[in-house]
Amino acid sequence: MHAHRAALLHCLADPRAVGIECSYQYFEDGLLLIEDGKVAQIGDAASLLPTLPAGVKVTEHRDALIVPGFVDTHIHYPQVDVIASYGTQLLEWLETYTFPAEARFADPAHARAQARFFLAELLRNGTTTALVFATVHPQSVDAFFAEASRLDLRMIAGKVLMDRNAPDDLRDDAASGYDESKTLIERWHGKGRLHYAVTPRFAPTSTPEQLELAGRLLREYPGLYLHTHLSENRAEIEWVKELFPERQHYLDVYDHYRLLGARSVFAHGIHLCDDECRRLGESGSAVAFCPTSNLFLGSGLFDLARLEGHGVRVGLGTDVGGGTSFSQLQSLNEAYKVLQLQGQQLDPFKALYLATLGGARALYLDAHIGNLQSGKDADFVVLDCKATPLLARRLEQARSLKEKLFALTILGDDRAVRETFAAGRSLHRRDRPQP
């Protein structure tokens, strides 16, 4: 048992559903009690401290705000080395930068080194759960899950399925992709806090036969995830029309092969028609909002109000390496601007919801993560309110919690993350080497 004392803030519900004031809980001087990797209790320090059993250690985090661990609903761990690559849009970017980088994952030693760096970088930015693309190579999945298991993280990943319209060294075939996925599912899914995602890259790189087998995997192993891309780029959408002329629209390709439903997450969803939005909502599927990559690749502006109006679950994704930062604080900075350009406002409490409980709901993991309620996994982040001189100065002027939270989402980045805990264990601290 261990207690952490600081200001505490977490979401209880979607502000859109219950209103801002009922959507969060805040303790200016709070106490977070952890036992066996779970949240045991949360409340005012003055009330809880006298009730603690003798000998319980209390760690005080001064000038800090504790929030739940951030949830990243779309990111590519093989693309770390191509982040900040210049000057192309989606399809050319894949050919120029992404595919050559992913080919290196045929080497298990490279995959292991990349997985270790990638997860350390997530933790350095306060992200404790992510839905992650690997590559077509089974060893890329083994390397990722082995490192995530060592750290006891709640992570979701899967082998990419890609049997056409890709370089020869990055293609599987429908049968081998199915067989290799089954082996990985049986090895890793449900081990500790790990989950497997069936991962066709996107419709243009999978044949109908491969998409059919992807749907079969979902039916054979209940509880799996489906992770792919949808309507990120207008040229991509036209390509899908050419490859699947019999389908009504892009989403209908996935729908035809029974890939929609709970735990199906579609990255981007920028250029959707009303029927696609409706179908996503009624099927329980989720969309990952990836503002930094959408802007960097010139893909378009995500319409949050429209998707949520159709009842679609929405999480926040960094989409590294098309995305430009591992930091969900920086993702929220860009999300605010994306919505401003469309006449929508992103309230700071809604922003926190998207990065924590909203992401957990998009992944159907809100029974385990997303806030600091009793019984949840003790995944949380200690944010440093004096991380930079500018941030400290701005927060000193803040007249309300809302103003303080907004400044953190606009000015914060990895420097604001003082410490990251997963299952109650400190896995990142700025003044200490990574475990």
Side-chain angles (χ1 to χ4, degrees), residues 2-11 30 32-34 36-39 42 57 59-73 75 77 80 115-132 144 147-156 192-194 315-318 320 325-332 351-352 354-357 359-360 363 365 368-372 376-388 391 405 408-409 411-435:
H2 193 140
H4 297 268
R5 185 176 184 178
L8 305 176
L9 175 64
H10 68 147
C11 296
L32 175 63
L33 187 61
I34 308 301
D36 297 329
K38 304 284 187 182
V39 176
I42 183 175
K57 181 180 178 181
T59 299
E60 295 198 10
H61 303 276
R62 298 186 182 279
D63 301 313
L65 176 67
I66 289 178
V67 298
F70 298 129
V71 179
D72 192 333
T73 58
I75 188 169
Y77 106 84
V80 171
R116 189 176 184 91
F117 179 85
F118 172 84
L119 287 168
E121 197 68 10
L122 282 182
L123 292 167
R124 196 170 66 81
N125 284 274
T127 296
T128 51
T129 292
L131 176 57
V132 181
F144 177 80
E147 181 63 9
S149 179
R150 183 182 74 84
L151 296 170
D152 191 21
L153 295 173
R154 190 173 290 281
M155 289 285 160
I156 312 164
R193 299 204 292 160
L194 305 178
L316 192 69
T318 60
V320 167
S325 175
F326 278 81
S327 171
Q328 288 290 46
L329 295 174
Q330 284 295 289
S331 294
L332 291 173
L352 180 65
L354 287 174
T356 56
L357 184 59
L363 299 176
L365 287 174
H368 304 286
I369 61 170
N371 63 19
L372 303 175
K376 298 286 184 78
D377 296 351
D379 294 353
F380 61 96
V381 183
V382 181
L383 297 177
D384 184 354
C385 295
K386 294 187 175 180
T388 68
L391 182 61
L405 182 59
L408 271 167
T409 63
L411 299 176
D413 53 26
D414 59 295
R415 294 169 295 177
V417 176
R418 183 186 295 173
E419 196 163 7
T420 303
F421 290 79
R425 295 172 56 223
S426 175
L427 295 183
H428 164 75
R429 199 171 70 204
R430 277 188 323 216
D431 59 355
R432 184 190 66 203
Q434 294 292 128

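Side-chain atoms are counted along with the backbone in the values below, which use heavy atoms only and exclude waters and symmetry mates.
Every residue meeting the side chain to side chain contact (heavy atoms under 4.5 Å, CB included) condition with Ala360, not counting sequence neighbours, appears here in chain and number order: Asp366, Ile369. Taking the salt bridge (charged side-chain N to carboxylate O under 4.0 Å, His left out) definition, one finds that Asp36 meets it with nothing, sequence neighbours left out. Every residue meeting the side chain to side chain contact (heavy atoms under 4.5 Å, CB included) condition with Arg430, not counting sequence neighbours, appears here in chain and number order: Asp384, Ala387, Arg418, His428. With sequence neighbours left out, the ring-ring contact (aromatic ring centres under 6.0 Å, His included) criterion links Phe326 to Phe118. Remark: Thr318 pairs with Asp72 by the side chain to side chain donor-acceptor pair (under 3.5 Å) rule, at least two apart or across chains. Under the rule for a side chain to side chain contact (heavy atoms under 4.5 Å, CB included), the partners of Thr59 that lie at least two apart in sequence or sit in another chain are His2, His4, Lys57, His61.
Residues Arg193 and Asp379 are in side-chain contact: their nearest non-hydrogen atoms beyond the backbone lie under 4.5 Å apart. Residues Leu411 and Thr388 have side chains not in contact (no heavy-atom distance under 4.5 Å, counting atoms from C-beta outward). Residues Asn371 and Thr356 are not in side-chain contact: their nearest non-hydrogen atoms beyond the backbone lie 4.5 Å or more apart. Two residues are said to be in side-chain contact when any heavy atoms from C-beta on lie closer than 4.5 Å; Glu121 and Val320 fail this criterion. The closest side-chain heavy-atom distance from Thr128 to Phe380 is not below 4.5 Å. A 4.5 Å side-chain heavy-atom check between Leu357 and Pro68 finds every atom pair outside the cut-off. Between Val417 and Arg124, the closest side-chain pair of non-hydrogen atoms is not below 4.5 Å. Using a 4.5 Å cut-off on side-chain heavy atoms (C-beta onward), Ile66 and Leu372 make contact.
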Mind running side-chain contact (heavy atoms from CB on, under 4.5 Å) on Val381 and Val67 for me, showing each step along the way? CA-CA 5 Å; Val381 183; Val67 298; 4.2 Å; yes
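Remark: the backbone N or O of Val71 is not paired with any side-chain donor or acceptor of Thr127 at under 3.5 angstrom. When atom types are taken as modelled, the side chain of Glu147 and the backbone of Leu119 share no donor-acceptor pair closer than 3.5 angstrom.
The environment of Lys38 atom NZ is dense: over 12 non-hydrogen atoms of other residues, nucleotides or ligands sit within 6.0 angstrom.
Under a 4.0 Å N-O distance rule, the pair Asp377/Arg154 qualifies as a salt bridge.
In this structure, CG on Leu123 lies 14.0 Å from CZ on Arg429, to the nearest 0.5 angstrom.
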